[in-house]
Amino acid sequence: MSPTASPPRRRRFRWVRAIFKLMGAFVVLSLLLVLIYRFVPPPVTLTMLMDPNGITKDWTSLDEIDPNMARAAIAGEDSRFCSHHGFDAVAIAQALRHNASGGRIRGGSTISQQTAKNVFLFQGGGFIRKGFEAWFTVLIEAIWGKRRIMEVYLNVAETGIGTYGVQAGAMRYFHHGAAKLTRAEAAKIAAVLPLPKKRAAITPRGFTRRYGNSIAARISVVQRDGLDSCVR
């Protein structure tokens, strides 16, 4: 008869089993959520729930959003959205080099990564959150596909103080729905996306105005070069 394990060893085994059970539950739950949100609009996000300014949103299908809005998001946020698989190694390397040289901090997150963060996680959190973000990015790329990712992104991204999604943003800034966005209006909303609490699409000034004009000019390039082919 073999000797029984010592109490410290039994405790270690219990901890290991508990960790594996927790990891398994997380994998199952995350897969289930991603599968559900493949077909059902996410009802609310942690960012929305933590917003002291309340929530104004109006889910709108991608078919009912002017194509220039998706092109503006690609132009401003992720020019290789249709060609990468969730992570843009070129953009990450460029961001690292830029940040190492000082000046305004630049991120290398793709639209897919931002969507994963906005829907399933929270703002901030450092490397731990980044690890979960990478996991969800892989899942949505595999299960949702590009068109669904763009649709969700344009509906959950913060477009102003207490305002989420381009439909609510269009109504807030231009008093009409996202289906009627002009190229210039879409570019202004896209220019707000990186810092929605500090920028506004109405009479933008300084960097926001210049950035919006730059995005507006690049929208035609996105269309001409087919950089939006995966969401058409």
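All values below come from the heavy atoms of this structure, side chains included, with hydrogens, waters and symmetry mates left out.
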*Has the side chain of Arg183 got a donor or acceptor atom that lies under 3.5 Å from a matching backbone atom of Ala216?*
no

*Which heavy atom in Ala170 sits nearest to a heavy atom in Gly177, and how many Å separate them?*
CB-C, 3.9 Å

*Kindly check if the number of other-residue, nucleotide or ligand heavy atoms within 6.0 Å of CD1 (Ile19) is above 12?*
yes

*In terms of hydrophobic clustering (I, L, V, M, F, W, Y; side-chain heavy atoms under 4.5 Å; direct or indirect links), are Leu195 and Leu154 co-clustered?*
no

_Cationic N near anionic O, under 4.0 Å, Arg71 to Asp66_ = no

*Verify the cluster assignment for Met23 and Trp135: are they in a single hydrophobic cluster under the rule of side-chain heavy atoms below 4.5 Å apart?*
no

*asked:* Between Thr163 (side chain only) and Ile161 (backbone N and O only), is there a donor and an acceptor less than 3.5 Å apart?
replied: yes

*Any idea which heavy atoms bring Ala190 and Ala73 closest together, and the distance?*
CB-N, 4.3 Å

*Under 3.5 Å: donor-acceptor pair, side chain of Tyr211, backbone of Gly76*: yes

*same_hphob_cluster(Leu33, Leu31) at 4.5 Å side-chain heavy-atom cutoff*: yes

*Inspect the surroundings of NE2 in His176 and state if more than 12 heavy atoms from other residues, nucleotides or ligands are less than 6.0 Å away.*
yes

*Apply the test side-chain hydrogen bond (donor to acceptor under 3.5 Å, both in side chains) to residues Gln113 and Thr137: give CA-CA distance (whole Å), side-chain angles for both, the deciding distance (0.1 Å), then the verdict.*
CA-CA 5 Å; Gln113 289 174 270; Thr137 299; 5.3 Å; no

_Is it the case that the side chain of Gln167 and the backbone of Asp58 share a donor-acceptor pair, with hydrogens and angles ignored and the cut-off at 3.5 Å?_
no

*Test of ring centre spacing under 6.0 Å for Phe26 and Phe132*: yes

*asked:* Membership question, hydrophobic clusters at under 4.5 Å side-chain separation (ILVMFWY): are Ile219 and Met69 in the same one?
replied: no

*Could you give all pairs that pass the disulfide (SG to SG under 2.5 Å) test and reach residues 12-61, with sequence neighbours left out?*
none

*If you measure from the Lys or Arg side-chain nitrogens to the Asp or Glu carboxylate oxygens, is any gap between Arg148 and Glu151 under 4.0 Å?*
yes

*Spell out, as yes or no, whether a donor-acceptor pair under 3.5 Å connects the side chain of Lys57 to the backbone of Pro43.*
yes

*Please check if the side chain of Asn155 supplies one atom and the backbone of Thr60 the other of a donor-acceptor pair under 3.5 Å.*
yes

*Verify, without hydrogens or angle tests, whether Arg129 (side chain) and Leu121 (backbone) share a donor-acceptor contact under 3.5 angstrom.*
no

*Can you tell me if Asp88 uses its side chain to pair, donor with acceptor, with the backbone of Val90 under 3.5 Å?*
yes

*Between Lys146 and Phe81, is NZ or CZ placed under 6.0 angstrom from the six-membered ring centre and within 45° of the ring axis?*
yes

*Begin with the C-alpha distance, continue with both residues' side-chain angles, and end with the deciding distance and a verdict on side-chain hydrogen bond (donor to acceptor under 3.5 Å, both in side chains) for Ser109 and Gln114.*
CA-CA 6 Å; Ser109 294; Gln114 293 177 50; 5.7 Å; no

*Are Phe136 and Leu35 linked, directly or through other ILVMFWY residues, by side chains that come within less than 4.5 angstrom of each other?*
yes

*asked:* For the backbone of Thr159 and the side chain of Tyr173, can you confirm whether one donor and one acceptor N or O come within less than 3.5 Å of each other?
replied: yes

*Can you check whether Ile111's main-chain N or O pairs, donor with acceptor, with Thr115's side chain at less than 3.5 Å?*
yes

